[in-house]
2 protein chains.
Amino acid sequence: MAKVPGISESEWKVMKVLWARSPLPSNEIIEALADKEDWHPNTVKTLLARLHKKKAVGVQKEKNHYLYSPLVSQADCVQTESESFLMRVFGGSVKPLLMHFVDKQKLSSADLEELKSILKKKK
Amino acid sequence: MAKVPGISESEWKVMKVLWARSPLPSNEIIEALADKEDWHPNTVKTLLARLHKKKAVGVQKEKNHYLYSPLVSQADCVQTESESFLMRVFGGSVKPLLMHFVDKQKLSSADLEELKSILKKKK
DNA sequence: ATTTTAAAACTACCGCTGTAGTTATGAGCA
DNA sequence: TGCTCATAACTACAGCGGTAGTTTTAAAAT
């Protein structure tokens with residue numbers, strides 16, 4: 001899997017917008033984020049610039065404005081983040097991690113069923 | 001559950017030592033970390049000072065030297081970190097998270113069995 | 001063609017992080 | 001009692017992250 005650059009908390013929020021739909025001009029990205037975050041438009045621009053610099057997003061010049069798209073896949077980023085979280089917090093052991101989340105977070109019984117069937121297939 | 005201060009990556013490594021055994025004098029902490037990390041002793045001291053400042057570890061003056069102990073529990077820190085990870089990377093949905101880890105990380109079949117039985121009890 | 005305006009680009013600033021050098025302090029030893 | 005040595009305390013500094021102000025550019029409108 002592709003090596004992805006480090007992506008900060010705020011940058012993730014920008015990436016999520018682009019993973020959901022792209023390419024997008026900055027104003028639409030800003031708008032999409034306005035819902036969730038209370039950010040100055042320039043803040044989003046800065047984040048886009050940083051993401052561009054580290055090659056996490058690409059820009060295409062479209063006559064007067066730019067269009068942004070992800071250059072790294074969400075799956076790769078999720079993988080990278082998960083790995084790092086697993087190491088840092090659970091010392092690399094998946095089982096305690098799973099037990100933690102099964103235990104501490106509320107799962108519907110439908111979720112439980114689904115999980116069980118996945119585990120069954122997995123075996 | 002107690003609100004814990006933000007604990008950085010390197011600080012976590014120090015906390016792990018103290019969660020495993022405490023109270024400890026700085027030299028033993030430094031020694032314990034020497035195995036895993038290639039840090040200058042002063043680096044560890046700085047980390048301890050920062051953790052002390054943010055009240056994540058306490059110090060007791062023991063004649064000439066200090067003894068350090070955690071003031072926040074590992075469980076609370078794990079909980080806080082997990083929550084933040086869940087939000088950031090999986091948008092708050094536990095099921096995709098679980099599926100990711102079941103899928104992407106290698107689990108022994110013993111692990112799978114154990115998980116299944118936990119799920120069974122959980123239901 | 002000049003003015004207005006939106007977006008892009010550049011600059012800024014503070015607090016946190018990783019990493020460590022430097023200085024002060026106090027206790028044991030000579 | 002003065003010297004030495006470990007340890008604690010203070011200082012440093014560059015890079016990142018969150019946040020946004022200022023300047024430039026180029027297109028649209030008059």
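Given the structure is predicted, the values throughout are model-derived calculations rather than measurements. Hydrogens, waters and symmetry mates play no part in the numbers below; they use all other heavy atoms, side chains included. Convention: sequence-line order gives letters A, B, ...; per-chain numbering from 1.
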(request) Go through D/dA20, C/dA7, C/dT19 for me and flag the one nearest to the B/S10 side chain. (result) C/dT19
(request) Kindly point out which of C/dA7, C/dT17, C/dA20 is positioned nearest to the side chain of A/S26? (result) C/dA7
Whole angstrom value for the distance that separates [atom2] of [N] from [atom1] of [X]:
{"X": "A/L48", "N": "D/dG18", "atom1": "CG", "atom2": "P", "answer": "14 Å"}
{"X": "B/K45", "N": "D/dT11", "atom1": "NZ", "atom2": "P", "answer": "16 Å"}
{"X": "A/K53", "N": "D/dG18", "atom1": "NZ", "atom2": "P", "answer": "15 Å"}
{"X": "A/R88", "N": "C/dG18", "atom1": "CZ", "atom2": "C1'", "answer": "15 Å"}
{"X": "A/E37", "N": "D/dA20", "atom1": "CD", "atom2": "C1'", "answer": "16 Å"}
{"X": "B/I30", "N": "D/dT7", "atom1": "CD1", "atom2": "P", "answer": "8 Å"}
{"X": "A/I7", "N": "D/dG18", "atom1": "CD1", "atom2": "C1'", "answer": "16 Å"}
{"X": "A/Y66", "N": "D/dT24", "atom1": "OH", "atom2": "C1'", "answer": "13 Å"}

(message) I'd like to know if B/N27 reaches the base of D/dT7 with its side chain, counting only an N/O donor and acceptor under 3.5 Å.
(response) no
(message) At less than 3.5 Å, do the side-chain atoms of A/N42 and the base atoms of D/dT22 form a donor-acceptor pair?
(response) yes
Think [X] has a side-chain N or O under 4.0 angstrom from the OP1 or OP2 of [N]?
{"X": "A/T43", "N": "D/dG18", "value": "no"}
{"X": "A/S8", "N": "D/dC16", "value": "no"}
{"X": "A/W39", "N": "D/dA20", "value": "no"}

(message) Classify the ring geometry of A/F85 against B/F85: parallel below 30°, tilted from 30° to 60°, perpendicular beyond 60°.
(response) parallel
(message) A quick test of your reading: do over 12 heavy atoms of other residues, nucleotides or ligands sit less than 6.0 Å from CG of A/D35?
(response) yes
(message) Check for me whether the distance between the ring centres of A/H100 and A/F90 falls short of 6.0 Å.
(response) yes
(request) Identify, between B/R50 and A/Y68, the residue whose nearest nucleotide on DNA chain C lies closer to the 5' end. (result) A/Y68
(request) Give the minimum heavy-atom separation between B/V72 and B/W19, together with the two atoms involved. (result) O-NE1, 2.9 Å
(message) Whether A/R50 and A/E11 form a salt bridge (side-chain N of Lys/Arg under 4.0 Å from carboxylate O of Asp/Glu) is what I want to check.
(response) no
(message) Let me spell it out: for each of A/T46 and A/G6, pick the nucleotide of DNA chain D with the closest heavy atom. Which residue's pick is nearer the 5' end?
(response) A/G6
